[in-house]
Amino acid sequence: MKNIKIKGLVLFVSLLTLSGCDDAFNTEPQNQLTLEQLLAEDPNAIQGLLSKIYGSFALSGANGPGSTDTPGDDAGESPFLRGIVNLQDFSADDMKNRWGDNGLDQLTTATDWDNNNKFFRYLYNRVYYTVPQCNNLIAVMQNVSVPNQEQYASELRFLRSLAYYYLIDCFGKGVLVTEADLGSSVPKEQATRTQLFEYVEQELLAIQSTLPVTNGYGRANKACAQMLLAKLYLNAEVYTGTPRYQDAMTQIQLVINEGGYALTTDFQSLFSGDNNVTAAKNEIIYALIADPISSQSYGNTTYLVNGSLSADTMTLSNYGATAGWGGHRSTKAWYGLFGNSATELAASSDVRAQLFWTQGHSYEMNDYKIWTDGYPCVKFRNSNALGTSIATDFSGTDFPLFRLADTYLMYAECVLRGATNGTSGQALQYVNAVRSRANATPISAGDLTLNFILDERGRELNFEGHRRSDLIRFGKFAGGSYVWPWKGGVKQGTAIPEHYNLYPIPLKAMQANPNLTQNPGY
Amino acid sequence: MKTIYKKLLLLVLLFPFAALAQSTLEGKVVDKVSKQPIPGVNVVVQGAANSTQTDFDGKFRLTKIKKGDKVLVSYIGYNSVTVPYTGQNDITVSLEESSNQLQEVVIQVGYGTAKKKDATGSVSLITAKDFNKGAIVSTDQLLAGKAAGVRITNNGGSPDSAPNIRIRGGASLNANNSPLIIIDGVPLGDLNPAGVSNPFSLINPNDVESFSILKDASATAIYGVRASNGIIIITTKKGTVGAPQYNYSSSISIGKVDRKLEVMNGTDYTRFIQEYHPDYTNLLGIDDPATAAVDNPATPEIEGRILSNTDWQEAVFRTAISSDHNFSARANLYKKIPFRFSLGMTNNQGVIKTSDYKRFSYSFKMTPKLLNDDLKIDLNAKGTYTDKNDIDEGGALGGALNMDPTKPIYGNQLNNRFNGYYQEVFFNDGATRDFYSLVGSYNPVALLNQRNRPQRTTRFLGNVEFDYKMPFLRDLRAVLNLGLDASQSRIREVYTNNALATYQIDQNNPDPNTNYVFNPGLNYLENQTSTNQTMDAYLAYTKSLTGVITRVDAQAGYSYQNFVTDGNKDLFSYTADGSGSGIRQPFIENARNPTNRYYLPLNLQAYFARANIDLFNKYLFTATFRADGTSLFLKNKRWGYFPAVGAAWKMKEENFLKNSKLIQDLKLRVSYGKTGQSSITDVVGFFPTRPFFEVGNANGQYLPGLNTYTAQPYDPNITWEKTTTLNLGVDFEFFKNSILAGSFDVYNRKTTDLLSKVPSLPGQSTAATEFISNVGSIDGKGFELNLNVKAIQSEDFNVNLGGNLAYNYNKVSELKGVSVVQDTGSGLNQTGVYLAFNPVGQQPYSAWVFEQIYDATGQPIVGAYVDRNDDGRINNDDRYYVAMRPNWTYGFSTAFNYKNWDLTANFRGQVGGQVYNLKTLTNGNTQGAVGYTGNYLINVLDFYNGAANPLFTNFNGNATFSDYLLEDASFLRCDNVTLAYKFKDNLPFLNKAGIKVYGSVNNLFILTEYSGQDPENFNGIDRNFYPRPRTYTFGVSIDF
């Protein structure tokens, strides 16, 4: 009897110790996949991973417009493209915003910038979301066997270079991380602007041989790498102190001569809902895709389209939108390039002068916070250039980050800046091709000056994320040599400090990595 | 008395020959009231050497006893009894508790119970007599303000409002700071069932017998990794061993909002618009169809407009009528099986219209003893069914404040488009089509009535515990506890006809009079099951001894818990092509997961051991050890080890105090130990340490024809957070009848390997911006005082006063290289703008603000802030930190008892703490009255009675961070006052029945200088706050 009881006790004790089963700890998710599961389940898995990183320039997250890849940042405000437009156009002379969100006022008036401004943080965070994502996928691909691996890796290296380009341009420094740095928890040293420049230059040269001449829509090809490199060289004097216009010209010619792109006849079609299917697509070198259903974001062209509309003064559905956020208006620094008054603007034959909604709005922006002060810009719209269109909540207009007209104007600028591997005759021809397409009068050789190029770039490319870089390259951004409405926080515009040519390194990044130093002046 | 003993002694001595007839007496000692056996009772034959103690079941066996012997049965805390031996074979002795309180109180300590007198840890026990009274919907409300150092702040006055419970202010930063809740031996998971915001609402408050609140490491370490933020153990009522008892109680309550925000009425508002926004007077009221006159903003009169005077707050509030019915039966089945059964039904109305809550509950408890009482079984089953209509709280409350008071609630507008409700619209004059769009706030009354979102949850919570006494070693028991907490929830959102929220423009139709559609019907459906399985198996050894070691009480065992929450959502969207034909269709977010399923598993396993050893019945020692493992962390980081030691000195047992009349009881306690924390699923999900990829949803695709896959952030290195606590305490009872009793605890706490969201090293992690990591530490210190005073004690009149006071100060002491992290729980009205931060060297959750400058008359100078660092400019360097959470909390209660009358009142409050008056920011500036697009108006706080300051035209830029918007959150709230009358023997027609009737008022008043809705605000940011109602309750309770 006692034996049985002792056995019972032994059984009980063993129950206690043995049932601590290790297997139960290995909980498995139902909706998330391991890499092995992913590769087994979807033959296009690697491209799906690639698609996500391409999308990181336009979307906020993987689960629609409310999701974010960068926790702590507002999903709507923080996508890459929105950051590019905020930091290149709203801080410059062409566009202003009236919402008064904390931080946006400072940006739009170029006053009181500090490292606490969330809009600087958003772009910085986007750079450092995209770069390690590229690094991670490059590393992942090294461990599995995939066809076209080299091409995919080259596309990722393009995307990584593109992200670094905005770091170089906006912040001027940061850590340089590659696939070799994954998982390192030791804070990296900061790389200088020149070091970053040289790295991106090498990368873009290296992948030109492995990128295809043509690739799927929205994906990087050879010309994309050449165009990005051309932009890097064009601004090299700003970035490194050493002019590289000759090298820029080499890349520009490669794009023009080997890319197979052509100007579309309909200027407005470049910024319309069907720009991925009309002839506009032949001019667009690199597009950031938007789709009203499958690629929704508050930070892609939806931000440009809806942000520029308001039912107060406009009819939303005419532009294919269901909502107008009543935020952005252009300034006379832009539409003044077509005419010095409302009447002159209306009289202009240039189709690019018709991008502004004037009805109910004043030419002068007396108060940037008042919607009707200044003309909203309807360059970007969600309606189609051909056929009918329906209004949708999210824009389906792709954003032409690089397009041939830009390349043409860069050609002319390089010639004017002394590149000897191009000709001024060709430069004039390219500039006039751009102007003629817009129904503007062609210019003569004598008109072709650097100042004319800056103005023409404004007429042609404003609101496309280039303006601040252009102004800096022309020495007209910081300081007081050129002022625009609300520059420095006053209506007429006033000088701003020289150190504003670079944005401050965000507080949060400096708190995270003690090796980071602040840009001078902040 | 003493002389009687001596005489008896003499008597015994005089008849030594009686010893010839020696025999044996068996017996049992039970509590006179509870009839529960009392172990460890001293049973002594007076004047003889033979003595014994009762065993765990209160049984004893006394040998060598003779007829005529006097048997003295004594036990601390009980009045001793002397029984003459007349040859009985067995006897049952009932001991009556002495008035001394502390001594015999039984507390839950986890994996067993202990007497409070034997505890070395800091444990508060709250029993029925202490509970809050009146309109109690959920169990946590019984406890609010009752225990020192336990701050319970519900999210407002809704019937299922989530309680935010912080014991000693919370030891964590981003990991869950809520205490572990254990109901009848089943620890709850961190996730609530879908649609349930308050886990306490799932048990009927009427079934609760007591709360044991474990605060220091000596008490909590037995729960290891879930213990750092304290533990609340809820024990439900038991059956009886005596005659059947029945209780029926019923109450009816009437609730009203007693404090509204002071927004403008129609007349004042019209004046305000005329004064401050004369260009917009044409937006006041509605167009008068009887006249063609159009308001001319240039004239002070409002022409051609009908102005209403609507109190929109009044329009969404209601007088809430609630009822509660409970029936319980207690009996002893077959004289063997004590059981209790209860049924409850609560029908609760919130003070906001359609905010309805119903609960049906049952509970069943059976405590049979089998195998000659060697096997004790404790079987519990509790179930609830709750049905809550989840209103759009923010929409309704926000709308009630924002709606222009000159607009009517109802108005047959635009062909009665909105089913009789008035709604502001704007006529869009389009090139291809004209249409009316909704502008401004949605009519809040329509919002409430046009959506029905029942959240229905069925929950079962049960356990069975087998407690088997080993026959070969009577002091050793094996305990097996099997528990199940399972729930099923269903949320179903349905819109009525013509609901504002489903208003769509048909883009194929150009006629503004007909080009609209509505989509009544189902809009959202979620189903969820949640299963939490618990198994505890342990051995317990309990022995009372004589000599140096007077008691040994030890447990060692294994615990297993598995939580699975599994659910899916049916989503709907409007026609995906955006054509606005208004057809709503099922929306598949993700082709790989067409049902939108989510699956959240968590596994916890632990080994634990605890030993209590008492020396000389005066010096008590406890050692606890627990090893905990969780599925959240990787194998090499999985196990955490949590030791604790405690000691107590029962000074009253010392000779120098034994006969003290002043000091009835005195015990000193000290404890030191380590506990853990791993609840981070709120922040980083259930798979934070392994690399996974997630499929993007249908709106998150990019390159055509491909699924996007996103590498999820993870960190293989994260592990437990550890909290070390040193606690010193004293329990005391002074004066005759323990007139003054209480306890005082002081503690010092340090949390290391703090799980905090920190910014990622830029570029070096796939976690883009931030992830949780074990960084830094928090230091905490504080004290708690509990006092109970029996101010007056007499046969007919008693007055008892009770109170508690707690001070807690936490400081972030390190964040590994980072000086501050923002607290993303403190978002303001603008996106991405946060008020509070966790800065090193400051209290967690501190507001980072500018110091407002005031003029000589005390008025703020708009836009002027103190240049705190004197560098001549105002920037972030001039901001300073203000702690938002209070350091001092208190509660007190008074109970008057006169014959059959009882009057009790409970109060609680806090000293310090801040509330950010967000409503001043949004509705307290003159610009705020004109809507975003400039074609509608927004009501504002009253500038004419001082509710807001007209100096502020807006709160843009730095004004958002002005400390002008921070207000002192100190308050004293009268939680409830109850007057009860007990009919005792004065009702002849109800033989033996007891009837109690009572009336009570909850939330009778609040004293505060805060100008907004309510200073008792957990997040300290006052936005659309569901008002806590004042509730009048009348109830009756019948025992029969």
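In what follows, chains are A, B, ... by sequence order, proteins preceding strands, each numbered from 1.
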With respect to chain A, which residue among B/Lys757, B/Gln712, B/Gln764 yields the maximal number of heavy-atom pairs within a distance under 4.5 Å? B/Gln764

Honestly, the part of B/Phe633 sitting under 4.5 Å from a heavy atom of chain A is neither

Checking A/Val131 against chain B: side chain, backbone, both or neither under 4.5 Å from a heavy atom? neither

Which bit of B/Lys816 comes within less than 4.5 Å of chain A, counting heavy atoms only: side chain, backbone, both or neither? neither

Side chain, backbone, both or neither of A/Tyr217 within contact of chain B (heavy atoms, under 4.5 Å): backbone

Turns out that what part of B/Phe961 lies under 4.5 Å from chain A's heavy atoms comes down to side chain

Is it the backbone or the side chain of B/Phe687 that comes under 4.5 Å from a heavy atom of chain A, or both, or neither? side chain

Taking every non-hydrogen atom, the tightest pair across A/Gln32 and A/Gln37: O-OE1, 4.0 Å

Quick check on B/Thr630 against chain A: is it the side chain, the backbone, both or neither that has a heavy atom closer than 4.5 Å? backbone

Measuring heavy-atom distances to chain A, does B/Val758 have an atom under 4.5 Å in its side chain, in its backbone, in both, or in neither? neither

What part of A/Leu176 gets within 4.5 angstrom of chain B, counting heavy atoms only: side chain, backbone, both, or neither? neither

Name the region of A/Ala75, side chain, backbone, both or neither, that has any atom closer than 4.5 Å to a heavy atom of chain B. neither

Heavy-atom side-chain proximity of B/Gln605 to B/Asn562 below 4.5 angstrom: no

With a 4.5 Å cut-off on heavy-atom pairs, point out which of A/Gly64, A/Pro132, A/Ser294 contacts chain B the most. A/Ser294

Do B/Arg597 and A/Asn31 get their side chains close enough for a donor-acceptor pair, meaning under 3.5 Å? no

Using ring centroids (six-membered ring only for Trp), state whether B/Phe692 and B/Tyr714 fall under 6.0 Å. no

Below 4.0 angstrom, N of the basic side chain to O of the carboxylate: do A/Lys369 and A/Asp105 qualify? yes

Side chain, backbone, both or neither: which part of B/Arg638 has an atom under 4.5 Å from a heavy atom of chain A? side chain

So which part of A/Leu38 gets closer than 4.5 Å to some heavy atom of chain B, the side chain, the backbone, both or neither? side chain

Residue part contacting chain B, namely of A/Pro514, when any heavy atom lies under 4.5 Å: neither

Is it the backbone or the side chain of B/Ala698 that comes under 4.5 Å from a heavy atom of chain A, or both, or neither? backbone

Walk me through it: do A/Ser317 and A/Thr315 pass the test side chain to side chain donor-acceptor pair (under 3.5 Å)? CA-CA 6 Å; A/Ser317 55; A/Thr315 302; over 6 Å; no

Closer than 4.0 angstrom, basic N to acidic O: yes or no for A/Lys188 and A/Asp181? yes

Lys/Arg N to Asp/Glu carboxylate O, A/Glu28 vs B/Arg690, below 4.0 Å: yes

Note: A/Thr392 and A/Pro292 closest approach over all heavy atoms is OG1-CB, 3.6 Å

Heavy-atom contact with chain B under 4.5 Å, split by part of A/Arg160: neither

May I ask you to check if B/Arg477 and B/Tyr468 form a cation-pi contact, with NZ or CZ under 6.0 angstrom from the six-membered ring centre and within 45° of the axis? no

Using a strict cut-off of less than 4.0 Å between a Lys/Arg side-chain nitrogen and an Asp/Glu carboxylate oxygen, indicate whether A/Asp69 and A/Lys52 qualify as a salt bridge. yes

Heavy-atom proximity to chain A below 4.5 Å, by part of B/Val821: neither

Looking just at side-chain N and O atoms, do A/Thr27 and B/Asn603 make a donor-acceptor pair shorter than 3.5 Å? no

Between A/Val127 and chain B, which part of the residue has a heavy atom less than 4.5 Å away: side chain, backbone, both or neither? neither

Go through the atoms of B/Thr710 and report whether side chain, backbone, both or neither lie under 4.5 Å from a heavy atom of chain A. both

For chain B, find which of A/Met510, A/Glu41, A/Met314 contributes the most heavy-atom pairs closer than 4.5 angstrom. A/Glu41

Is it the backbone or the side chain of B/Leu600 that comes under 4.5 Å from a heavy atom of chain A, or both, or neither? neither

Does any heavy atom of chain A fall under 4.5 Å from the side chain of B/Pro704, the backbone, both, or neither of them? side chain

Looking at every non-hydrogen atom in both residues, tell me the closest pair between B/Val695 and A/Asn63 and how far apart they are. O-OD1, 3.9 Å

Pick one: which of B/Tyr560, B/Tyr558, B/Tyr538 meets ring-ring contact (aromatic ring centres under 6.0 Å, His included) with B/Tyr607? B/Tyr558

Among the listed options B/Tyr598, B/Phe686, B/Trp639, the residue most often paired with chain A at heavy-atom distances under 4.5 Å: B/Trp639

If we ignore angles and hydrogens, is there a donor and acceptor under 3.5 Å between the side chains of A/Asn125 and A/Asp73? yes

Report the option among A/Ser51, A/Gly174, A/Ala163 that has the most heavy-atom pairs separated by less than 4.5 Å from atoms of chain B. A/Ser51

Given heavy-atom pairs under 4.5 angstrom as the criterion, report whether the side chain, backbone, both or neither of A/Leu59 touches chain B. side chain

